[in-house]
Amino acid sequence: MATGETLKGKVAIVTGGASGIGRAIAHAYADQGAKVMVCDIDEEAGEGVAADIVDSGGEARFRHCDVGERLDVRNLICATTDAFDRLDILVNNAGIVAGGDFLTLTEEDFDRVIRVNLKGHFLVGQAAAQQMVRQIEAGGAPGTIINMSSINAVVAIPTQAAYAASKGGVKQLTEAMALSLAPYGIRVNAIGPGTIATPMAGAVNSDAAAQRMVLSRTPLGRIGQPGEIASVAVFLASDAASYMTGETIYVDGGRLALNYLAQRPVKAGEEKKK
Ligand code: NAD
């Protein structure tokens with residue numbers, strides 16, 4: 001059942017919508033009245049997300065699409081306009097990681113990450129923008145694009161060289177896209193999450209030592225939830241963000257503001273030590 005009307009009647013594609021942050025965004029958009037095309041390479045989970053949205057009274061479809069495959073991407077745009085007549089919002093969210101020591105990181109792993117995280121944003125972003133421009137030329141309103149960057153666009157993890165490079169690339173791609181599409185009124189922004197509780201965050205979800213390490217760099221003292229990224233994605237897609245383009249919003253519990261280590265969070269009823 002829709003719980004708001006912020007995106008009423010809008011048509012949105014969410015790539016990587018079968019899991020984690022993408023799934024939360026797909027649900028949040030549907031809750032706000034959008035028609036959602038969930039795209040992923042995981043068909044079973046993606047079909048499940050679309051079915052859950054429909055069961056809750058929303059509108060959604062699933063389309064298998066590898067964001068690094070140009071033909072898949074073209075077919076995704078066609079499937080979306082066939083199903084819902086238009087395209088108003090793209091969330092470029094699909095992403096992967098491949099960790100490893102820099103000295104031994106393989107070319108294959110480097111290529112794999114760049115292909116999905118950076119080239120995928122380009123391919124889907126360009127095809128979606130072309131569709132949005134066609135709609136504008138036919139008298140329609142401009143759409144908007146949201147890319148999924150990361151705090152790793154500006155700070156790095158030594159064992160995630162390909163990922164950090166891809167996310168830094170997404171930040172700059174966002175700015176170039178925003179400038180190119182501004183004459184059409186198409187806004188392009190990015191979100192840079194900190195550590196969010198999804199399958200991608202892996203050990204941080206279950207391993208106490210990994211969690212302690214992450215929290216020592218997280219002033220708010222907890223891991224973020226996918227819904228806390230989805231609410232920002234709703235804002236960026238909405239008219240409330242009508243004068244924003246070319247920006248990356250970091251949603252990281254304060255990590256980028258932090259030099260040194262985070263203090264232990266003060267629990268309710270506990271006085272902060274002087
Ligand atoms: P996740 O692993 O839960 O979801 C990623 C989804 O992308 C999966 O459903 C996967 O099947 C899909 N996918 C992978 N390759 C694809 C391809 N080639 N084509 C289409 N879909 C593909 O991860 P998540 O944490 O929800 O990550 C979503 C986005 O948020 C990613 O871009 C990630 O880099 C970014 N991010 C996540 C975190 C975090 O801490 N979880 C932090 C910063 C940024």
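Residues take their numbers from the sequence shown, with the count starting at 1. Indexing begins at 1, ligand by ligand and atom by atom, following the structure's order. Fair warning: this is a prediction, and the values are worked out from it, not measured in the lab.
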Look only at interatomic distance and state if Arg115 has a nitrogen or oxygen under 3.5 Å from any nitrogen or oxygen of ligand 1. no
Pro199 near ligand 1 by a heavy-atom separation under 4.0 Å: yes
Any side-chain heavy-atom pair of Phe122 and Leu118 under 4.5 Å: no
Could you say whether the N/O atoms of Cys39 and ligand 1 ever approach to under 3.5 Å? no
Any N/O of Thr198 closer than 3.5 Å to an N/O of ligand 1? yes
How close does the nearest protein non-hydrogen atom get to atom 23 (O) of ligand 1, and which residue and atom is it? Met200 CB, 3.3 Å
With side chains defined as the heavy atoms from C-beta onward, is the minimum distance between Val116 and Val67 less than 4.5 Å? yes
Honestly, for Ala45 the part within reach of ligand 1 (heavy atoms, under 4.0 Å) is neither
Is it the case that Thr195 and Arg255 place a side-chain donor and acceptor less than 3.5 Å from each other? yes
Regarding ligand 1, does Ile21 bring an N or O atom to under 3.5 Å of one of the ligand's N or O atoms? yes
Decide, yes or no, whether a salt bridge links Glu175 with Lys171 under the criterion of side-chain N to carboxylate O below 4.0 Å. yes
Is there any N or O on Asp66 that sits under 3.5 Å from an N or O of ligand 1? yes
Mode of Pro226 contact toward ligand 1 - side chain, backbone, both, neither (heavy atoms, under 4.0 Å): neither
Between Val67 and ligand 1, which residue portion shows a heavy-atom distance shorter than 4.0 Å: side chain, backbone, both, or neither? both
Which residue supplies the protein heavy atom nearest to atom 31 (C) of ligand 1, what is that atom called, and how far is it? Asn93 O, 3.2 Å
Could Glu69 and Arg115 be called an ion pair, given the rule that one side-chain N must be under 4.0 Å from one carboxylate O? yes
Return yes when Ala24 approaches ligand 1 closer than 4.0 angstrom through a heavy atom, no otherwise. no
Is any N or O atom of Lys167, backbone or side chain, closer than 3.5 Å to an N or O atom of ligand 1? yes
Any side-chain donor-acceptor pair under 3.5 Å between Arg70 and Gln126? no
